[in-house]
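Here is the structure we will look at.
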Amino acid sequence: MATYLYRIGKFAYRRKGLVLALWLAILVLAGIGAATLSGPTANSFNIPGTPAQSALDLQSERFGGTEDPLSAVSGQYVFKAPDGQSLDTPAYLAAIDATIADIDKIDDVDAAAKPGGAKPLANPVAGNTSIVDQYNKAAADDGTAPDVAAANAAALSPLSPNGNIGTLDVPISVDLADVTDDLRSDLDAAAQPARDAGLTVELGGSVAQSSAPPGGSSELVGLAVAAIVMLIMFGSAAAASLPLITAIVGIGVSSLAITTASGFADLSTFTPVLAIMIGLAVAIDYSLFILARYRHELTLTDDREDAVGRAVGTAGSAVVFAGATVLIALVALRVVGIPFLSQMGLAAAFAVLIAVLIALTFLPAMLGLYKGKAFAGKLGFINSTDPEDPNAKPTNGLRWARLLVKRPAIGLIGGIVLLGVIAGPATGLSLALPSIATSDPATSVRKAYDLEQEGFGPGKSGPLLTIADATDLPDADRTAGFGKVIDAIYEEDDVANAQIVAVNEAGDTAQILITPSSGPNSQETKDLVANLRAAESGVAESTGVSYGVTGQTALELDVSERLQNALVPYLAVVVGLAFILLMVVFRSILVPLTATVGFLLSVLATFGATVFIFQEGGLGLISNPQPIVSFMPIFLIGVVFGLAMDYQVFLVSRMREEFVHGTPAKDAVVNGFKYGARVVTSAAIIMISVFAAFMAEPDSFIKSIGFALAAAVFFDAFVVRMVIIPSVMALLGDKAWWLPTWLDKILPNVDIEGAKLKTAEPKVPANV
């Protein structure tokens with residue numbers, strides 16, 4: 001491995017013009033593709049094969065093209081009269097009519113809702129009487145009891161029981177991906193007549209949610225912090241610029257390529273920003289690691305081409321295997337069988353792959369371009385002594401390593417206890433998909449949601465839809481069969497209303513709308529879905545009517561459940577594959593084992609901190625505590641595992657390098673830590689800064705994942721890799737590198753330490 005990478009590094013340095021031209025050409029082609037072939041992104045979280053999706057598919061089959069509730073476009077106005085007043089006063093009715101007239105003028109409002117259309121918009125307050133009349137007529141026609149008809153009418157009424165709050169649903173003719181800020185502005189402006197009359201009006205529904213992709217300023221903040229850290233580390237403006245230039249080109253290629261891919265696949269809105277977040281962080285870190293090793297090699301030889309080759313051969317080997325662990329963790333997300341999560345994993349893995357390739361080729365070519373100016377622009381007030389310089393004063397890393405090796409049990413126990421305490425809140429982890437219910441309370445869409453709950457109760461915002469299939473019953477018995485299903489539904493707790501809202505032309509399938517008494521994210525609603533499904537087989541046997549429960553709430557619950565169930569299998573696959581890879585790298589069983597246990601400690605502590613801050617509102621940092629986004633834990637596990645192994649490879653590979661070259665085990669721990677601590681510390685600070693910068697984004701998921709990744713890197717780099725692992729390595733001594741003889745013969749020797757590169761004698765030191 002080291003020999004091949006040595007040749008690649010020398011080639012890139014020598015043929016810098018060709019290598020740089022190829023990368024710039026790739027960047028231009030990716031830009032052209034993004035400009036001409038890209039498509040829209042969306043937030044569709046459906047998972048094939050879930051109970052809710054199966055019921056939705058049956059609905060689509062029996063009733064015609066039914067939209068996915070999680071990606072369908074919807075618009076809703078919520079009107080509220082001043083306290084103590086009712087919307088049905090003449091002045092308010094006139095104002096609402098004026099608002100409806102303005103809505104009708106908007107081009108993207110469905111044509112069927114416009115004057116002369118098949119279904120004109122009607123004043124929801126004035127039209128409330130017609131709904132009651134409709135249900136009274138139904139009661140007379142089919143024998144429905146008047147009180148049941150009245151309850152059904154109230155459940156669908158757009159006017160709250162006290163007449164203070166009303167809703168108006170507005171059909172939109174464009175897809176969610178095509179909703180523009182101009183359309184939102186037009187819809188909001190249409191409510192002005194009602195607002196002028198003294199009504200509170202909020203625009204809700206998916207049409208009111210911002211579709212602007214997150215990111216932009218966050219990347220700049222991360223780059224700025226990275227520049228400061230590298231200035232401090234190298235004491236040189238030129239050196240600090242190299243990883244930044246390399247990372248910018250790499251993330252440009254990967255982000256533009258992912259944007260191009262959006263024209264050929266339905267990508268989530270989160271996919272590009274997550275890929276950028278991870279790709280930017282690892283691109284800077286990988287380049288930083290190789291550049292730091294290059295600086296050391298220049299103290300041993302005046303042949304810069306050879307120094308670049310050696311840096312790529314040694315540090316580059318660690319980069320390759322560190323990147324490989326990240327790739328394994330991200331690509332393995334396909335194992336769980338969740339389409340949108342697989343896309344996120346593949347996109348982020350592509351960004352990591354580009355980061356590895358560009359660090360191994362573009363950076364050496366840039367060093368060839370800079371030549372003797374790679375460490376120019378020195379800042380005299382910064383002490384940037386190479387920690388590997390034998391004449392340098394003891395570094396803080398050396399002092400810390402000696403302290404840990406002297407009292408390893410204290411570091412081991414202290415680190416485990418600290419992470420265990422932080423992990424405590426993880427036992428209360430609650431999951432939910434991003435929705436209007438979890439959006440910022442200051443937004444109009446959330447205010448509309450809250451007003452609806454205030455006026456109609458929590459269940460109005462998250463109804464369930466049951467698709468009842470009576471194909472096995474004779475035609476004459478189907479209506480009675482549907483009625484028996486409704487009776488069975490009412491036997492469950494937390495049901496406020498259940499009624500048939502549609503029957504297909506064949507008369508064999510009915511849509512039964514269930515209004516829960518509790519809100520969409522409440523445990524009571526989750527229990528209701530579970531109980532309805534558990535009772536289905538008994539109801540089908542007694543009535544001859546089978547059914548499935550779907551709707552937005554049920555779909556979200558199924559997605560969350562599938563994600564939770566996938567955690568253990570995914571973890572087993574990722575840890576198993578990475579364990580084998582680390583055995584190849586370190587030629588040890590105990591080192592990969594301790595690395596994996598350390599990762600688990602980091603993840604648990606990260607979950608605990610994230611739950612405490614974002615779910616429980618700890619420290620008052622979040623004004624809108626909400627359940628954690630359902631797919632964050634499994635995605636976090638994948639990313640954190642890869643990043644944790646990054647630091648394990650970067651730090652412990654230097655310890656093994658010392659051990660392989662004859663240094664006693666404990667001294668190898670001290671020396672390896674001394675050599676690797678500064679670059680790992682710098683890399684961790686950069687990565688933490690890049691991730692933490694995304695906490696400034698308004699989207700709750702991006703905010704929480706930015707915090708979680710930053711916390712994970714902090715726990716793993718500064719507690720696990722710099723406290724627990726050195727302590728364990730010191731306690732194990734020579735046993736840390738034990739490997740059965742039979743296994744030693746089977747495993748390939750990849751020479752990550754670059755032992756084969758040590759045949760050349762050092763030349764006269766160069767002036768760097």
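By convention here, the first residue in the shown sequence is residue 1. Remember, it's a predicted structure, so these values are computed and weren't measured experimentally. Note: hydrogens, waters and symmetry copies are ignored here, and every other heavy atom, side chains too, is used.
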Atom of [X], atom of [Y] and distance for their closest heavy-atom approach:
| X | Y | answer |
| --- | --- | --- |
| Ile258 | Ala275 | CD1-CB, 3.4 Å |
| Gly455 | Pro161 | O-CD, 3.4 Å |
| Phe456 | Ile165 | CZ-O, 3.8 Å |
| Leu274 | Met344 | CD1-SD, 3.7 Å |
| Ile106 | Ala190 | CD1-CB, 4.3 Å |
| Ala81 | Tyr92 | CB-CE1, 4.2 Å |

Practice prompt. For Gln53 and Leu555, run side-chain contact (heavy atoms from CB on, under 4.5 Å): C-alpha distance rounded to whole Å, both residues' side-chain angles, the deciding distance at 0.1 Å, then the answer.
Written response: CA-CA 7 Å; Gln53 188 63 45; Leu555 283 163; 3.8 Å; yes
Working to the nearest 0.5 angstrom, can you tell me the gap between [X] [atom1] and [Y] [atom2]?
| X | Y | atom1 | atom2 | answer |
| --- | --- | --- | --- | --- |
| Ile500 | Asn152 | CD1 | CG | 9.5 Å |
| Ser444 | Tyr449 | OG | OH | 15.0 Å |
| Met277 | Ile251 | CE | CD1 | 11.0 Å |
| Leu58 | Gln511 | CG | CD | 10.0 Å |
| Leu528 | Leu557 | CG | CG | 10.0 Å |
| Thr606 | Leu709 | OG1 | CG | 8.5 Å |

With distance as the sole test, does [X] use its side chain to make a donor-acceptor pair with the main-chain N or O of [Y] at under 3.5 Å?
| X | Y | result |
| --- | --- | --- |
| Glu452 | Thr167 | no |
| Ser157 | Leu159 | yes |
| Asn164 | Leu87 | no |
| Thr259 | Ser255 | yes |
| Ser86 | Gly163 | yes |

Worksheet entry | ring-ring contact (aromatic ring centres under 6.0 Å, His included) partners of Phe707, counting only residues at least two apart |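 Here the qualifying residues are Phe614.
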Fill in: Partners meeting ring-ring contact (aromatic ring centres under 6.0 Å, His included) with Tyr547 (sequence neighbours left out)
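With neighbours one apart ignored, the set is empty.
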Is there a side-chain contact between [X] and [Y], using heavy atoms and a 4.5 Å cut-off?
| X | Y | result |
| --- | --- | --- |
| Tyr77 | Leu187 | yes |
| Asp108 | Asp186 | no |
| Gln453 | Pro520 | yes |
| Ile172 | Leu183 | yes |
| Tyr490 | Asn497 | yes |
| Gln76 | Val170 | no |
| Ile514 | Leu532 | yes |
| Leu636 | Phe607 | yes |

Discussion item. Counting only heavy atoms from other residues, nucleotides and ligands, does the tally under 6.0 Å from CD of Gln523 exceed 12?
Written reply: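 Above 12, so yes.
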Item to complete: Kindly check if the number of other-residue, nucleotide or ligand heavy atoms within 6.0 Å of CG (Asp196) is above 12?
Response: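 Count over threshold, so yes.
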Discussion item. Let's go through Leu513 and Leu156 carefully: what are the C-alpha distance in whole Å and the side-chain angles of both, what is the deciding distance for side-chain contact (heavy atoms from CB on, under 4.5 Å) to 0.1 Å, and is it a yes or a no?
Written reply: CA-CA 10 Å; Leu513 186 70; Leu156 294 183; 3.6 Å; yes
Worksheet entry | Arg562: partners by salt bridge (Lys or Arg N to Asp or Glu O under 4.0 Å), with sequence neighbours left out |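 Arg562 satisfies salt bridge (Lys or Arg N to Asp or Glu O under 4.0 Å) with no residue once adjacent residues are dropped.
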Discussion item. Apply side-chain contact (heavy atoms from CB on, under 4.5 Å) to residues Asp57 and Glu61 and explain how you reach the verdict.
Written reply: CA-CA 6 Å; Asp57 293 341; Glu61 174 189 337; over 6 Å; no
Discussion item. Please identify which of these residues, Asp493, Thr525, Asp527, meets the side chain to side chain contact (heavy atoms under 4.5 Å, CB included) condition with Ser518.
Written reply: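 For Ser518, the side chain to side chain contact (heavy atoms under 4.5 Å, CB included) test succeeds with only one of Asp493, Thr525, Asp527, which is Thr525.
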Worksheet item: Between the side chains of Thr180 and Asp182, is a donor N or O closer than 3.5 angstrom to an acceptor N or O?
Response: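 The answer is no; no qualifying pair exists.
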Worksheet entry | Residues Asp450, Lys447; criterion side-chain contact (heavy atoms from CB on, under 4.5 Å); working and verdict | CA-CA 5 Å; Asp450 291 341; Lys447 290 177 180 178; 5.6 Å; no
Worksheet item: Are Asp102 and Lys105 within salt-bridge range, i.e. N to O under 4.0 Å?
Response: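 Salt bridge flag = yes for Lys105 with Asp102.
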Worksheet entry | Salt bridge Arg184-Asp188, side-chain N to carboxylate O under 4.0 Å |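 No salt bridge links Arg184 with Asp188.
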